[in-house]
Amino acid sequence: MLVHVPDHFSSHLKFDLKKLPATVIDRSSPIKLFAGFLCGTLLLGLGFLELLSFVKAEKTIETSLLTVEFFAFVTILIGLGLIAGSFLSFNRYKKITFNGKEFCITYAPSFGIKHRLSETLGNYIGVRLRVLFIQTGLFNRNRYIIDLYHRDSDKIIPLYISTNNKNIRKIWESYAKMFKMPALSVGDRGLVQREYTDLDKSLQELAASGKLPFIAGGKFPAPESLFIEEKKNKTVILPLGVYWDIFSSLFLFIAISGIFVLLTGGIYLTIRGTSVPLKYWAAGAALLLIVVYYMMQLFRSYQLEIYSDKISVTETLFGKTQKQDSIPANKIENIELSYNPTIDRYSLAVISDDKIITFGGRLPVNDLLWLKDFVIRKLIGN
């Protein structure tokens, strides 16, 4: 096609297919439209006020290239851009209709002619679950997307979109069962497929029926980043030398720098005989406590424990157990690498319908791949 239809526009969408024909409209949130219009209007008003005040003010002899008119015009242009961008973003949409056999997609761009596509249900490959990282100003978050996957990206159908991962796997599985199609997920080795009839089966049940994919590794010797201890009733896995990474070091540098600036400033003012307000020292003490608290988090360690009947992740601080999270072995439906786009890292994810526990967020990807196969072998008794 000459015109590419984006996969989705919404951050919150649910395609309700209980009653046919069913229709859903995928478009940007009205809240974003209102926020953009409000901010744009405020900037527009501010720009005009600055421009008006400058016109009324008496002219002086001194001039500057960076005059009030320049900043006023820039503010007005930014305001107009926000207003126009908000309306154009909201004006485009994708309307999807399903009659039980065929999808009809109507794509309305921000301006120009509408485009219509149609595709029969039988030409779709499966129901895909993926996570998309989005940035909104200073804030970032994950967008969880369930869609009906087609090799032609123009024909992908968004089924459920949310920034909340609550029950996301159950919703994904329910759509796969509804369409009687494979459940697809994006794993470390590409698109992973599981038949909808196997969605409620644990890894142990899949292994017993010969449906578990080939496991490439997972045998000794272990990677140098891992220490593995075989005990009487469990296998304990500890990461070695991975407490610190670039994010931890950067945080530590900023925190120490902030404390140093505060202390230096306070001491300098005291030496000069300037009385430092009590609230200054109170703010410094509060900041110090916050920094100490988060520095303690950097020394937390995690160990993975594999029992015959469960898998646990235990959090410790200086050798003392702080928290333990477990999933029964007969409830584990998948073990895969989970990608966190916020920090651009992978971790090992042990998954059931009810929850997901993760481990090894600072380990190298290749070591995590080895660990994934090792844990699966342990779980199925291989």
- Calculate, to the nearest 0.5 Å, the distance between atoms CD and CD1 belonging to Glu230 and Ile237 respectively. 8.5 Å
- Looking at side-chain heavy atoms only, is the closest gap between Gln303 and Glu305 below 4.5 Å? yes
- Message: Treating Trp172 as the side-chain partner and Val127 as the backbone partner, does any N or O pair qualify as donor plus acceptor under 3.5 Å?
- Response: yes
- Message: Apply side chain to side chain donor-acceptor pair (under 3.5 Å) to residues Ser312 and Ser326 and explain how you reach the verdict.
- Response: CA-CA 4 Å; Ser312 301; Ser326 305; 2.5 Å; yes
- Message: side chain to side chain donor-acceptor pair (under 3.5 Å), that's the test. Do Ser11 and Arg143 meet it? Break it down for me.
- Response: CA-CA 7 Å; Ser11 291; Arg143 183 183 292 170; 2.9 Å; yes
- Query: Under a single-linkage definition using a 4.5 Å side-chain heavy-atom cutoff for Ile, Leu, Val, Met, Phe, Trp and Tyr, are Ile76 and Leu38 assigned to the same hydrophobic cluster?
  - Reply: no
- Ring centres under 6.0 angstrom apart (Phe359, Tyr302): no
- Query: Relative to the ring of Phe103, is the ring of Phe179 parallel (under 30°), tilted (30 to 60°) or perpendicular (over 60°)?
  - Reply: tilted
- Task: Check the hydrophobic clustering (I, L, V, M, F, W, Y; side-chain heavy atoms under 4.5 Å; chains of links allowed) and say if Leu46 and Leu80 are grouped together.
- Result: no
- Are side-chain heavy atoms of Leu20 and Phe98 found at a separation under 4.5 Å? yes
- Distance col, row Ile332:CD1 vs Gln204:CD, nearest 0.5 angstrom, shows 7.5 Å
- Message: For Ser10, is there any backbone N or O sitting under 3.5 Å from a side-chain donor or acceptor partner on Asp26?
- Response: yes
- Message: Before you tell me yes or no, could you show the steps for Leu348 and Leu337 under side-chain contact (heavy atoms from CB on, under 4.5 Å), namely the whole-Å CA-CA distance, both residues' side-chain angles and the distance that decides it to 0.1 Å?
- Response: CA-CA 5 Å; Leu348 183 75; Leu337 297 198; 4.1 Å; yes
- Lys177 atom NZ, over 12 foreign heavy atoms within 6.0 Å: yes
- Glu102 backbone acceptor or donor facing Asn99 side chain under 3.5 Å: yes
- Criterion side-chain contact (heavy atoms from CB on, under 4.5 Å) on Leu44 and Ile83, from CA distance to verdict: CA-CA 9 Å; Leu44 198 62; Ile83 294 172; 4.3 Å; yes
- Task: Compare every heavy atom of Ala183 with every heavy atom of Leu199, then report the nearest pair and how far apart it is.
- Result: CD2-CB, 3.5 Å
- To the nearest 0.5 Å, what is the distance between CD1 (Ile157) and NE2 (His150)? 9.0 Å
- Given side chains that start at C-beta, do those of Phe34 and Lys32 come closer than 4.5 Å, heavy atoms only? no
- Note on the structure: Distance col, row Ser308:OG vs Lys378:NZ, nearest 0.5 angstrom, shows 11.5 Å
- Query: Do you reckon Ile356 sits in the same ILVMFWY cluster as Ile168, going by side-chain contacts under 4.5 Å, direct or chained?
  - Reply: no
- Linking Ile, Leu, Val, Met, Phe, Trp and Tyr by side-chain heavy atoms under 4.5 Å, what else ends up with Ile25? Tyr93
- Query: Which of parallel (below 30°), tilted (30 to 60°) and perpendicular (above 60°) describes Phe87 and Phe37?
  - Reply: perpendicular
- Query: Any donor-acceptor pair under 3.5 Å linking the side chain of Ser110 with the backbone of Leu88?
  - Reply: yes
- Would you mind reporting whether Ile228 and Val236 have side-chain heavy atoms less than 4.5 Å apart? no
- Taking the side chain as every heavy atom from C-beta outward, state whether Lys234 and Ile306 have any pair of such atoms under 4.5 Å apart. no
- How about Glu224: does its CD atom have over 12 heavy atoms from other parts shown lying under 6.0 Å from it? no
- NZ/Lys95: more than 12 non-hydrogen atoms of other groups inside 6.0 Å: no
- Query: Any cation-pi pair here, Arg27 with Phe90, using under 6.0 Å and within 45°?
  - Reply: yes
- From Leu148 atom CG to Leu17 atom CG, the distance as rounded to the nearest 0.5 Å: 9.0 Å
- Task: Check whether Tyr196 and Leu184 end up in the same hydrophobic cluster, where Ile, Leu, Val, Met, Phe, Trp and Tyr are linked by side-chain heavy atoms less than 4.5 Å apart.
- Result: no
- Query: Can Arg130 and Asp147 be counted as an ion pair, charged N to O under 4.0 angstrom?
  - Reply: yes
- Message: Looking at every non-hydrogen atom in both residues, tell me the closest pair between Lys331 and Ile327 and how far apart they are.
- Response: CB-CG2, 4.2 Å
- Message: Just so I know, are the side chains of Tyr346 and Leu363 near enough to count as touching, which here means a heavy-atom distance under 4.5 Å?
- Response: no
- Message: Any heavy-atom pair between the side chains of Tyr124 and Glu119 that's under 4.5 Å?
- Response: yes
- Item | Check: Glu205 side chain, Ser202 main-chain N or O, donor-acceptor pair, under 3.5 Å | yes
- In terms of heavy-atom contacts, Leu379 and Ala329 come closest through CD1-CB, 3.8 Å
- Separation between CG of Leu304 and CG of Leu226, rounded to the nearest 0.5 Å: 9.5 Å
- Task: Tell me, with the steps shown, if Ile335 and Ile351 meet side-chain contact (heavy atoms from CB on, under 4.5 Å).
- Result: CA-CA 6 Å; Ile335 295 177; Ile351 301 167; over 6 Å; no
- Do Lys14 and Ile161 come close enough that some side-chain heavy atom pair is under 4.5 Å? no
- Task: Would you please test Ile146 and Arg128 for side-chain contact (heavy atoms from CB on, under 4.5 Å) and show each step?
- Result: CA-CA 6 Å; Ile146 299 172; Arg128 179 180 60 170; over 6 Å; no
- Item | Centroid-centroid under 6.0 Å between Tyr175 and Phe15 rings | no
- Message: Do Met178 and Ile171 sit in one hydrophobic cluster, given that two such residues count as connected whenever their side-chain heavy atoms are within less than 4.5 Å of each other, even indirectly?
- Response: yes
- Between the main-chain N or O of Asn164 and the side-chain N or O of Ser162, is there a donor-acceptor pair closer than 3.5 Å? yes
